[in-house]
Undergrad: 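My questions all concern the structure below.
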Amino acid sequence: MFEVSSIHLNKDMDTLTKNRAQIIESIKTLPEDSLAELINFVDYLRYKATEKESQKTSANFLLSVAGLGNSAEKDVSERDEEILANEVDPIRGWSRNSDK
């Protein structure tokens, strides 16, 4: 199994190396006045990559705080009144104890 992973890794590295070489060759043929625009574009790509990662982290944090997807209940929207009736004591109101 290690050999298969190693082969896959080598294939990815070869592709990456070829892509980098192609980029370098393309940059060498650009006119001087296009280099500033290229630098701005590369900076934008870096920003976009870090922004995507930041959004993933934020989204995961918000989902974990909200606890979405952690409920054993499938769809509570149609049972909301029933659930609230079981949670709220008619005389004392909200109770911290589950056995009223």
Undergrad: Output the rest of the hydrophobic cluster of Tyr47: all Ile, Leu, Val, Met, Phe, Trp and Tyr residues reachable through side-chain heavy-atom contacts under 4.5 Å, sorted by chain and number.
TA: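 Members other than Tyr47 - counting any ILVMFWY side chain reachable under 4.5 Å - there are none.
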Undergrad: What's the separation between atom CG in Asn40 and atom CG in Leu35, rounded to the nearest 0.5 Å?
TA: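 CG of Leu35 is found 11.0 Å from CG of Asn40.
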Undergrad: Would a single hydrophobic cluster contain both Val42 and Ile27, if residues Ile, Leu, Val, Met, Phe, Trp and Tyr are joined by side-chain heavy-atom contacts under 4.5 Å?
TA: yes
Undergrad: Which value, rounded to the nearest 0.5 Å, describes the distance between Asp43 atom CG and Leu38 atom CG?
TA: 9.5 Å
Undergrad: Report the distance from atom OG1 of Thr50 to atom CG of Leu45, rounding to the nearest 0.5 Å.
TA: 11.0 Å
Undergrad: With no hydrogens and no angle check, is any side-chain donor or acceptor of Ser34 less than 3.5 Å from a backbone partner on Leu30?
TA: no
Undergrad: Between atom CD1 of Ile24 and atom OG1 of Thr29, what is the distance when rounded to the nearest 0.5 Å?
TA: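 If we round to the nearest 0.5 Å, Ile24:CD1 and Thr29:OG1 are 12.5 Å apart.
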Undergrad: How long is the gap from CD on Glu51 to OH on Tyr44, to the nearest 0.5 Å?
TA: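 Answer for the CD-OH pair, Glu51 versus Tyr44, is 10.0 Å.
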Undergrad: Is Lys28 salt-bridged to Glu25, cutoff N-O under 4.0 Å?
TA: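 Looking at Lys28 and Glu25, the cut-off is met.
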